[in-house]
Amino acid sequence: MQYKKSTLFLISVLVIIILAILFYLFTRTYNAPSDVVNNDSECLLFQSSDPKKSCFIANNAVQQPDNVTLPPQNNETLSPADEVVISSCISDDRNQTDSCIKKTAVTEKNTVLCSAISGALERSDCVSSVGRVDNPTKIVFTEPTVNKTALTATTTTVAKTGTPLSTVFTDMLDRIKKTVSDTNNNPDSRFTAEGFYERLATHTGLNLYAFSEYQVAPGSVITAQGTGFTKTGNTLYLGTYSLSGLESADGSTLSFTVPSLNKGTYEGWIENTNGSSKKDDRKIMLMITNSPTPKPVIHSVSPKVPLSTDTVIFSGENFSSSVNVMTTFGAKESVSASGGSFALKVSDLPFYEKVKTAPGVAGTLVSFFIYVYNENGVSGKPFTFDIQF
Amino acid sequence: MNFSPKKFVIALSLFFCVLMPNMAHATIPPILGFGGLPVFWFPCTCSVAVWNWFAPLYLTAIPMTGPMVYVPYATIPFANFLPSIPLIPEEGGYIPGIQACWFYVGIACVPIPAIGAEVFVGTGL
């Protein structure tokens with residue numbers, strides 16, 4: 001076959017272009033900016049004087065807008081008159097007491113009353129609420145910058161008084177989209193998924209979270225779940241007994257055969273080149289028994305979509321005589337159970353009052369999850385359903 | 001068989017139309033925008049994170065309610081540096097589907113469901 005020179009030339013050019021594209025695709029790497037430091041432990045305080053930290057804020061960089069009123073300073077000492085004002089709030093329920101004190105502080109516009117609230121964050125929230133009474137709709141946001149060398153915060157009032165909340169947030173979504181798309185052209189690990197995963201992986205470390213079953217028989221194969229497992233060389237400790245040479249394909253699970261140990265409850269932990277997952281305040285337990293009872297599980301709820309004031313009946317298995325629950329609205333212990341069911345009033349949960357009075361909740365469906373746990377173990381997955389507020 | 005450059009180019013183009021999308025880095029979910037008012041929070045006692053429940057929560061123009069997880073060493077905070085404070089508005093980017101919050105329930109840790117993990121967040125005052 002004979003080809004014209006021009007045809008051969010075109011084919012050669014095409015092949016070179018294709019090879020160049022392949023070379024670029026397979027050899028490109030993402031290089032994090034050198035000024036983004038992995039060790040951001042100082043950023044737990046949300047601010048750093050080191051320009052290389054991602055939370056650096058230069059002196060005088062934040063300009064206080066004229067139309068923002070700071071909440072008044074909090075004098076920590078309650079006067080006898082203040083104590084009288086909040087005396088009607090005192091009750092056995094700490095949440096109710098704090099909620100009542102906050103409402104009184106806002107009504108009286110007195111931040112001193114906030115010092116009677118338990119918890120630093122709740123006290124701050126109370127003080128901020130008193131300050132916001134005078135400026136209910138002035139919301140100040142900060143535009144994040146894509147400056148790679150230092151974080152400089154500029155404070156801009158982006159919502160004028162009276163702007164509906166929905167408009168504020170939909171405008172915000174457009175700004176976020178722009179920020180994220182800008183990083184495609186100007187990669188900054190503070191705004192990229194890769195950067196987030198890198199920071200997450202660097203600080204997560206070795207952890208053991210749970211075993212797939214709590215009560216197990218010797219010889220059964222179960223899975224340990226956590227983070228920081230190595231491909232090879234993991235050692236599982238059950239009390240003083242150890243199982244070495246365990247492998248993990250994905251770094252977060254590893255399977256093993258339960259050894260023939262004496263019946264009893266053992267603390268488990270993993271050791272490998274990343275250290276040890278043993279934590280005295282968070283012991284991960286395993287019960288070895290010849291007749292294991294499966295962990296509790298919820299199969300259904302009644303009503304299917306309960307009102308927030310309803311008593312919800314949960315049906316399932318292995319509840320024994322009582323269960324403890326961990327839910328969207330907090331935890332509750334020792335809930336009586338019998339015949340494969342237990343009843344729970346959502347309004348009895350710790351955070352229910354906060355949810356009920358939250359803006360935009362009335363009249364909506366709220367997604368709710370629940371775990372149950374008792375002497376038989378912890379339910380493997382959360383049971384989820386909607387609650388009508 | 002006659003070799004046709006035109007057919008060769010077309011065949012090569014079709015080949016790469018199939019191959020190249022599979023070579024894209026599509027395994028990491030994108031960063032999406034969010035904003036809203038946190039109502040309450042609790043600490044993730046097994047992982048270093050804070051679980052925040054928002055109402056309203058804006059992922060689109062339609063408000064909803066739901067939880068987001070703030071991870072102190074991975075989420076980048078911006079002014080006014082008040083994340084997770086109830087009723088102080090927040091806005092930022094999140095990655096959906098990341099399980100970053102684990103809570104201790106006496107014998108094990110359980111994953112607490114959330115819409116996603118915050119990648120960066122700025123707050124009001």
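Lettering follows sequence order; numbering is per chain, from 1.
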Next on the checklist: Over 60° means perpendicular and under 30° means parallel, so tell me whether B:Phe42 and A:Phe351 are parallel, tilted or perpendicular.
Outcome noted: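 Plane angle under 30°, so parallel.
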Item to check | Side chain, backbone, both or neither of A:Thr204 within contact of chain B (heavy atoms, under 4.5 Å) | outcome: both
Next on the checklist: For B:Val39, which atoms come within 4.5 Å of any heavy atom of chain A: side chain, backbone, both, or neither?
Outcome noted: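 Contact with chain A: backbone and side chain both.
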Item to check | Beyond-backbone contact of B:Tyr73 with A:Leu200, side-chain heavy atoms, under 4.5 angstrom | outcome: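 Contact flag for B:Tyr73/A:Leu200 side chains = yes.
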Item to check | Straight-line distance of B:Ile107 CD1 to A:Gln215 CD, nearest 0.5 Å | outcome: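 Here the interatomic distance stands at 9.0 Å.
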Next on the checklist: Main chain of A:Lys283, side chain of B:Tyr104: is a donor-acceptor contact present, judged purely on distance under 3.5 Å?
Outcome noted: yes
Item to check | Contact winner vs chain A - B:Cys46, B:Gly92, B:Ala108, B:Ala55, heavy-atom pairs under 4.5 Å | outcome: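 Sorted descending by pairs with chain A, the first entry is B:Cys46.
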Checklist entry - Using 30° and 60° as the class limits, which term best fits the ring planes of A:Phe329 and B:Trp53: parallel, tilted or perpendicular? => result perpendicular
Checklist entry - Given B:Ile95 and A:Tyr197, is the side chain to side chain contact (heavy atoms under 4.5 Å, CB included) satisfied, shown in steps? => result CA-CA 10 Å; B:Ile95 298 179; A:Tyr197 280 113; 3.9 Å; yes
Item to check | Interface moiety of B:Glu118 toward chain A, non-hydrogen atoms closer than 4.5 Å | outcome: backbone
Checklist entry - Are B:Val105 and A:Asn324 close enough, and set up right, to give a side chain to side chain contact (heavy atoms under 4.5 Å, CB included), and what steps lead you there? => result CA-CA 9 Å; B:Val105 292; A:Asn324 308 301; over 6 Å; no
Item to check | Pairs of heavy atoms under 4.5 Å with chain B: top-ranked of A:Val355, A:Asp281, A:Thr364, A:Thr357 | outcome: A:Val355
Next on the checklist: One pair to check against side chain to side chain contact (heavy atoms under 4.5 Å, CB included): B:Val119 and A:Arg199. What are the steps and the verdict?
Outcome noted: CA-CA 10 Å; B:Val119 177; A:Arg199 294 189 295 273; 4.1 Å; yes
Checklist entry - With a cut-off of 6.0 Å (strictly less than), are more than 12 heavy atoms of other residues, nucleotides or ligands near NZ of A:Lys381? => result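 No - once you tally the heavy atoms of other residues, nucleotides and ligands closer than 6.0 Å, there are 12 at most.
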Item to check | Heavy-atom side-chain proximity of A:Tyr209 to B:Pro111 below 4.5 angstrom | outcome: no
Next on the checklist: Please classify the contact between A:Glu267 and chain B as side chain, backbone, both or neither, with a heavy-atom cut-off of under 4.5 Å.
Outcome noted: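 For A:Glu267, no heavy atom lies under 4.5 Å from chain B.
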Item to check | Option that, when pairs with chain B are counted at under 4.5 Å, heavy atom only, ranks first among A:Leu286, A:Val366, A:Thr384, A:Leu365 | outcome: A:Val366
Checklist entry - Which atom names give the shortest non-hydrogen contact between A:Pro382 and B:Pro113, and what distance separates them? => result CG-CG, 3.8 Å
Next on the checklist: Between A:Tyr371 and B:Ile112 (side chain of the first, backbone of the second, donor and acceptor by atom type, cut-off under 3.5 Å), is there such a pair?
Outcome noted: no
Checklist outcome for this item: Correct closest heavy-atom pair for A:Ala193 and B:Ile31 would be N-CD1, 3.4 Å
Item to check | Proximal component of A:Thr328, with respect to chain B [non-hydrogen, under 4.5 Å] | outcome: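 A:Thr328 touches chain B through backbone and side-chain heavy atoms alike.
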Checklist entry - Would you say the side chain of A:Val361 lies within less than 4.5 Å of the side chain of B:Thr65, judging by non-hydrogen atoms? => result yes
Item to check | Side-chain heavy atoms of B:Ile98 within contact of A:Phe196, under 4.5 Å | outcome: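 The answer is yes; the side chains approach within 4.5 Å.
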Item to check | B:Trp102 and A:Arg282: CA distance, side-chain angles, deciding distance, side chain to side chain contact (heavy atoms under 4.5 Å, CB included) verdict | outcome: CA-CA 11 Å; B:Trp102 291 77; A:Arg282 295 200 303 268; over 6 Å; no
